[in-house]
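Below you'll find the structure, written out as structure tokens, and then a few comments.
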Amino acid sequence: MTILHADSALLPEGWARDVRVEITPSGHIGHIATDAAPGTAMRVATLLPAPANVHSHAFQRAMAGLSETRGPQGRDSFWTWRQLMFRFLDQLTVEDIRAITAMVQMEMLEAGYAASGEFHYLHHQPGGTPYDNLAETAVAICEAAQMTGIGLTLLPVHYQFGGVDQRPLAPGQIRFGTTPDQFLKLLEASQKAAAPLPADTAIGVAPHSLRAVAPDTLREIAKTAQGPVHMHLAEQVPEVDEVEAAYGARPVTWMLENCTPDARWCLIHCTQMTPEETQLLAATGAVAGLCPITEASLGDGIFDGARWLESGGRIGVGSDSNIRIALSEELRQLEYSQRLRDRGRAILAKPGGSTGRRLFDAVCAGGAQAVARNSGRIATGALADLIALDGSAPDLAGRSEDQVLDTWVFARDDRLVSDVWSAGRHMVQQGRHKQHEAISAAFGKTLARLSSAI
Ligand code: ZN
């Protein structure tokens, strides 16, 4: 049994001093005592629950920094990014996917995320032929998770069509495609792939989007899904227009009328909602899976965070394209987008409250819900998903309680994260993952090969 002593810890009922936290051999939080003596426990300055990263496409990490050139015609949008992604897809091997995913998961842990919801759609060989094991690439993701010790929620994706009109997949999309029957087999094979992983591993389903999945299939998945259901929704204006033209309703309105989203659902992006849609979707209990850095990178638009939280909406954050994996920066970008739009400050805070605290509490609870993980709070019986912040950092000197979170989120970065536990696995120590050198070296090799091949 590991015992931690925190000078200060964020418990569900608020900040407490001199907190003794037991981590059981099963990776759960055991007994918690406040106003305790340090004794021989491992001492940390500030102890926080570690949130889950709710949305990632790990392989895209290899493209980070390569899609910032403007396309040849007019306004650029997805153009350079999509062209680059398709070139990458012709090259990526299973070994590449394993190396890139390990890097992503390691960076998530070093940023303070204890778990990752991997929205996994890169299923087949280059050219689109399935591997002998339908879930071969899921095996690579699971192996990466075993190497990094992150808590994995695997979300195999069903991706059937190239648009709402049910056109066939474009050449760049054929590694993703499944028929509904093939998807069921893939799901079963993915469950087998995840079976050797620790008990905190979860599995859900991910109908890709309203563009890629037929309405009947989506209703069927919604009805029969066992675990969490993740889907991209209302990310860009052209997608809203396409869905409205085909189905006679905007994406969020169509979802509300046809799929009855509830607390099992995590809807990714939701950047394009009317005020009414925002209120109605927030009231369902579904989590909005926000990816503020990627949404800014791709020019998606601004999520209506103020109205969503006022309406009782739940949020999680994810790193999506993994162009940059940074927990504090996702929260800062989310708040700053609201400030720039509304020309105000502390938009997402409650009256009289801290912005960092409000956001951190929200993504701990919403993240755990979205990836079906018993975590997000320092409480007896929950998984020991924990972050310790660096008590020796000069920027935290004299800061207490919520000021610590505000300093981390708005003034500093994830270098303040000194230790991270995922289900009790102490993977990040003094700011570095235990396998940092080996994982970085393998990633660098992969990146060099891919860069010369595309
Ligand atoms: Zn995505």
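Whatever order the structure lists them in is the order used to number ligands and atoms, beginning at 1.
The nearest N/O/S atom of Asp320 to the Zn ion (ligand 1) is OD1. The Zn ion (ligand 1) sits nearest to atom NE2 when only the N, O or S atoms of His55 are considered.
Here the angle at the Zn ion (ligand 1) defined by NE2 in His232 and NE2 in His57 stands at 100°, rounded to 10 degrees.
In this model, no donor atom of one side chain and acceptor atom of the other lie less than 3.5 Å apart for Thr446 and Arg449.
Checked against the 6.0 Å centroid criterion, the rings of His232 and His55 qualify as a close aromatic pair. For Phe410 and Tyr336, the ring centers sit closer than 6.0 Å to each other.
Residues Phe176 and Val157 form no side-chain contact, since every pair of their non-hydrogen atoms from C-beta on lies 4.5 Å or further apart.
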